[in-house]
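Contents: one structure, followed by commentary.
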Amino acid sequence: MTVRLYSTLTGCAEPLHPDVNGVIGIYACGPTVYSRIHIGNARPFVVFSVLKRYLERRGERCRLVINITDVNDKIYDAARAEGVPSTELAERCARQYVEDTDMLGLGRPDAEPKVTDTMDEIVALIGSLIERGLAYPADGDVYFRVAAFPGYGRLSGRNLVDMVPGDDGDLKDDPLDFALWKGYKESEDAWWDSPWGPGRPGWHIECSAMAERELGMGFAVHGGGIDLAFPHHENEIAQSEGAHDGVPFAHVWMHNEMLELSDSKMSKSIGNIALLADVVERWGADTVIAYFMQSHYRSRLPFSDERLRDAEAACDRIRNAVRALDRALGAPEAGESNDPDLMKALVDARQRFHEAMDDDFGTPGAIAAVFDLVRVINQTLDRGRPASGQLREVRLELIGLLDMLGLAGLGDPVDDDAPQDVLDLLAAREAARVEHDFASADALRDQILARGFELRDGPDGPEVYASS
RNA sequence: GGCGACCUGGCGAACUGGGAACGCAUCGGUCUGCAAAACCGACAUGAGUGGGUUCGACUCCCACGGUCGCCUCCA
């Protein structure tokens, strides 16, 4: 069974191809660093990080590259507004971005190149395009000649005739042409030398240069938000394939849909944003990851407290099943035999999980398979206690599936051991209950809760659980 | 104006030409002194509307309505 991913370029699910070294190269467009990233920016980070994780757990070798764009109009603007050098602002925001995404606990990409570290490659790429007649210098700027690249518009499904360009093209031969290099301006406090004079790269060219340096031409997956398909990715294709006489740049173009808040997409320009760090701080990494994974990456995803609450409840359901397994494993009386329903559920869950994931990264179906397993685990433990060996196998398998979704944290053992003062309160409550002094018992229960432990009165007496 | 996508139960959300996953919420039950939590069970005879193709469509085609996206910075 092979993994297939829907490609915006072909409109179909395409099989993944490793490169000549057997590595699946994945390039995802990262943030432009001029402010802290919001929860919408986090979606591609999560999607592509988990994609890599899944492929690796499946036995593939991967290399994930997520760039950091640290030269851009907005960075100059934001730095000027703040009264700091643009390079300083970009560096600070880049650090902040790493910190914020680290909160998710999904690890780092294999490479996180910056534009400022790629100037040589960018200049060389532009030179190569000029040589081929695909680009032309104009008074310190360099522009890509869109009409000279035959495949232009294929990715975003538009033809040149229909396009209504802006009228900013004083120096351009054609309004559709776009900048590869922008000549130095007074208002910009950072610039680099080039054969066409001082200046800085246009938007788009940096990704062509970084992707090629890190992954070579013809890597497996290029992705990012769907709003980047045009013009950013369209222009990347034109630049990269133009400079290599049509050699394919990337095989699959994988785009995630947008988050939406109050029925319109979340975006910095509209201002309806929630910072990733705030959301993770409030809800926890597992809940945020589960929130993303419960919907398909190509679906628009509403963002609201209610959605996060749902995700949190879903996480709790899984945590509770793991906790129930651990309690059963820790119980003194051991079961003798394997439960046949549980054995079957284990096999089914694994199969359904992989079918869903291999079919265009169907994380909602994969999670559904996990929940089906969770239900059977609960049912089984409700009936009695199967053999320890089976419980351990089920636990291992469940955590394994969760790990492929970046949700292994849901299986972390919970320390339910209560400190002595809580145990004293518990004993006092039991004493009150024996006396039928329920007012005191309830007050003591509240005190225990305030100390961070829940009380659950079961058939075998009360148990304390660490509150989540 | 050009291009495109989407419309599934109270909410969120999948798969699929022939049985409508999964989560949340709700309701009922087990347990409990009562709760809470946990667990179990129930919950769309129907998939925006109207046509068409088909033995059969939520699933394919057409129209209409609605929502949204891109065409300018945007994950």
Side-chain angles (χ1 to χ4, degrees), chain A residues 8 11 28-32 34 37-48 66 72-74 77 153 156-159 161-166 168 203 223-232 234 255-260 263-270 273 290-291 294-302 304 306-307 309-318 320-321 323-324 327 352 355-356 359 362-372 374-375 377-379 381-383 432-434 436-439 441-442 445-446 449 454-460 462-463 465 467-468:
Chain A
T8 308
C29 287
T32 299
Y34 62 96
I37 66 163
H38 59 67
I39 184 75
N41 295 309
R43 193 177 198 187
F45 187 91
V46 171
V47 165
F48 289 98
I66 302 182
N72 178 281
D73 288 335
K74 299 211 161 187
D77 294 344
S156 50
R158 59 192 77 201
N159 56 67
V161 191
D162 290 335
M163 295 183 57
V164 184
D168 60 337
W203 185 44
I226 187 67
D227 55 345
L228 294 181
F230 188 90
H232 186 56
E234 194 73 69
H255 291 112
N256 62 274
E257 255 295 350
M258 304 288 102
L259 252 52
E260 50 186 48
D263 293 332
S264 69
K265 76 166 183 172
M266 183 180 297
S267 89
K268 290 183 188 175
S269 45
I270 299 175
I273 58 169
Y291 160 71
Q294 276 197 293
S295 90
H296 189 89
Y297 74 93
R298 286 197 287 119
S299 295
R300 288 198 195 116
L301 178 57
S304 67
E306 192 190 357
R307 300 266 61 79
R309 264 198 301 276
D310 285 356
E312 185 175 52
C315 286
D316 283 342
R317 181 169 166 79
I318 295 170
N320 276 315
R323 194 183 266 193
R327 292 230 165 197
R352 284 190 47 218
E355 277 174 7
D359 180 11
T363 57
I367 289 196
V370 170
F371 280 116
D372 284 338
V374 162
R375 184 187 317 102
I377 288 170
N378 289 330
Q379 287 170 336
L381 293 176
D382 225 43
R383 274 200 296 273
R433 290 176 76 203
V434 169
H436 283 64
D437 178 6
F438 296 123
D442 290 350
R445 182 169 63 199
D446 289 342
L449 189 63
E454 288 172 23
L455 257 186
R456 299 181 191 174
D457 293 324
D460 304 320
E463 293 181 290
Y465 286 76
S467 303
S468 52

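It should be emphasised that the depicted structure is a prediction, and the values quoted were computed from it without experimental measurement. A, B, ... follow the sequence lines: proteins, then strands. Residue 1 opens every chain. Values reported hereafter were calculated over all heavy atoms of this structure, with side chains retained and with hydrogens, waters and symmetry mates removed.
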When the C1' atoms of G9(B) and C27(B) are considered, how many whole Å apart are they?
15 Å
For Phe48(A) and Gly223(A) the tightest heavy-atom approach is CZ-CA, 3.6 Å
Between the base of C39(B) and the side chain of Arg383(A), is there a donor and acceptor pair under 3.5 angstrom?
no
Interatomic distance where CZ belongs to Arg445(A) and P belongs to A37(B) [whole Å]
11 Å
Regarding the side chain of Asp310(A), the nearest nucleotide among C24(B), A75(B), C68(B) is C24(B)
Could you give me the CA-CA distance, side-chain angles and deciding distance for Tyr291(A) and Leu301(A), then say whether side-chain contact (heavy atoms from CB on, under 4.5 Å) is met?
CA-CA 9 Å; Tyr291(A) 160 71; Leu301(A) 178 57; 3.5 Å; yes
Side chain of Ala368(A) - closest among C40(B), A36(B), A21(B):
A21(B)
Is the Phe438(A)-His436(A) ring centre distance short of 6.0 angstrom?
yes
Look at the side chain of Arg307(A) against the base of G12(B) and say whether a donor-acceptor pair falls under 3.5 Å; ignore hydrogens and angles.
no
Base, sugar-phosphate, or nothing: which does Gly223(A) touch, judged by heavy atoms less than 4.0 Å apart?
nothing
Picking from G41(B), C68(B), C71(B), the nucleotide nearest the side-chain atoms of Pro231(A) would be C71(B)
Taking the P atom in each of A42(B) and A35(B), what is the distance between them to the nearest angstrom?
24 Å
Please give the distance between the P atoms of G1(B) and C64(B) as a whole number of Å.
13 Å
With a 4.0 Å cut-off on heavy atoms, is His296(A) in touch with a base, just the backbone sugar-phosphate, or nothing at all?
sugar-phosphate
Base, sugar-phosphate, or nothing: which does Arg433(A) touch, judged by heavy atoms less than 4.0 Å apart?
base
Quickly work out the His232(A) NE2 to G69(B) P distance and round it to whole Å.
21 Å
Side-chain N or O of Gln379(A) less than 4.0 angstrom from OP1 or OP2 on G41(B)?
yes
At under 4.0 Å between heavy atoms, what does Asn320(A) touch on the DNA or RNA strands: base, sugar-phosphate, or nothing?
sugar-phosphate
Out of G69(B), G23(B), A13(B), whichever nucleotide has its closest atom nearest the side chain of Pro302(A):
A13(B)
Could you check how far CD of Glu257(A) sits from P of G12(B), rounded to whole Å?
16 Å
Considering only heavy atoms from C-beta outward, does the side chain of His296(A) approach that of Thr363(A) to under 4.5 Å?
no
From A13(B), A75(B), C34(B), pick the nucleotide closest to the side chain of Pro364(A)?
A13(B)
Whole-Å P distance, C40(B) and U45(B):
25 Å
Using the C1' atom as the reference point in each nucleotide, state the distance between U59(B) and U8(B) in Å, no decimals.
11 Å
Presence of donor-acceptor pair under 3.5 Å, side chain of Arg352(A) and base of A21(B):
no
Once you apply a heavy-atom cut-off of 4.0 Å, does Leu455(A) come out as touching a base, just sugar-phosphate, or nothing?
base
Identify whether NZ of Lys or CZ of Arg in Arg323(A) sits under 6.0 Å from the centre of the six-membered ring of Tyr465(A) and within 45° of that ring's axis.
no
Counting side-chain heavy atoms from CB outward, which of C22(B), A38(B), C39(B) is closest to Arg456(A)?
A38(B)
Just checking Ser299(A): base, sugar-phosphate only, or nothing, at a heavy-atom cut-off of under 4.0 Å?
sugar-phosphate
Check this one for me: any side-chain N or O of Arg375(A) less than 4.0 Å away from OP1 or OP2 of C22(B)?
yes
Looking at the side chain of Phe230(A), which of G12(B), C22(B), C71(B) is the nearest nucleotide?
C71(B)
Reckon Arg317(A) touches a base, only the sugar-phosphate, or nothing at all at heavy-atom distances under 4.0 Å?
sugar-phosphate
Using Watson-Crick or G-U wobble pairs with both distances under 3.5 Å, give me RNA chain B in dot-bracket, 5' to 3', with [ ] for crossers and | for pairs to another strand.
(((((((..(((.....[...))).(((((.......))))).....(((((..]....))))))))))))....
note: Glu312(A), atom CD; A37(B), atom P; distance rounded to Å ~ 13 Å
Under 3.5 Å side-chain donor-acceptor pair for Ser295(A) and Arg43(A)
yes
No-H, no-angle donor-acceptor pair, Asp457(A) side chain to A35(B) base, under 3.5 Å:
yes
For Phe438(A) and G33(B), are the ring centres under 5.5 Å apart with planes inclined under 30°?
yes
Is there a donor and acceptor pair closer than 3.5 Å between the side chain of Asp442(A) and the base of G33(B)?
yes
Spatial distance of atom CD (Glu306(A)) from atom CG (Asp310(A)) [nearest 0.5 Å]:
5.5 Å
Nearest-angstrom distance from the residue atom CG of Leu381(A) to C1' of C31(B):
16 Å
Could you work out the separation of C58(B) and U49(B) based on their C1' atoms and round it to a whole Å?
14 Å
Given the P atoms of A44(B) and G10(B), what is the spacing between them in whole Å?
11 Å
Could you tell me if the side chain of Leu259(A) sits less than 4.5 Å from the side chain of Arg307(A), heavy atoms only?
no
Work out how far the P atom of G28(B) is from that of C15(B), and round it to whole angstrom.
34 Å
Asp442(A) vs Arg445(A), salt bridge (charged side-chain N to carboxylate O under 4.0 Å, His left out): CA-CA, chis, key distance, verdict
CA-CA 5 Å; Asp442(A) 290 350; Arg445(A) 182 169 63 199; 3.4 Å; yes
How long is the line joining CD of Glu355(A) and P of A14(B), in whole Å?
18 Å
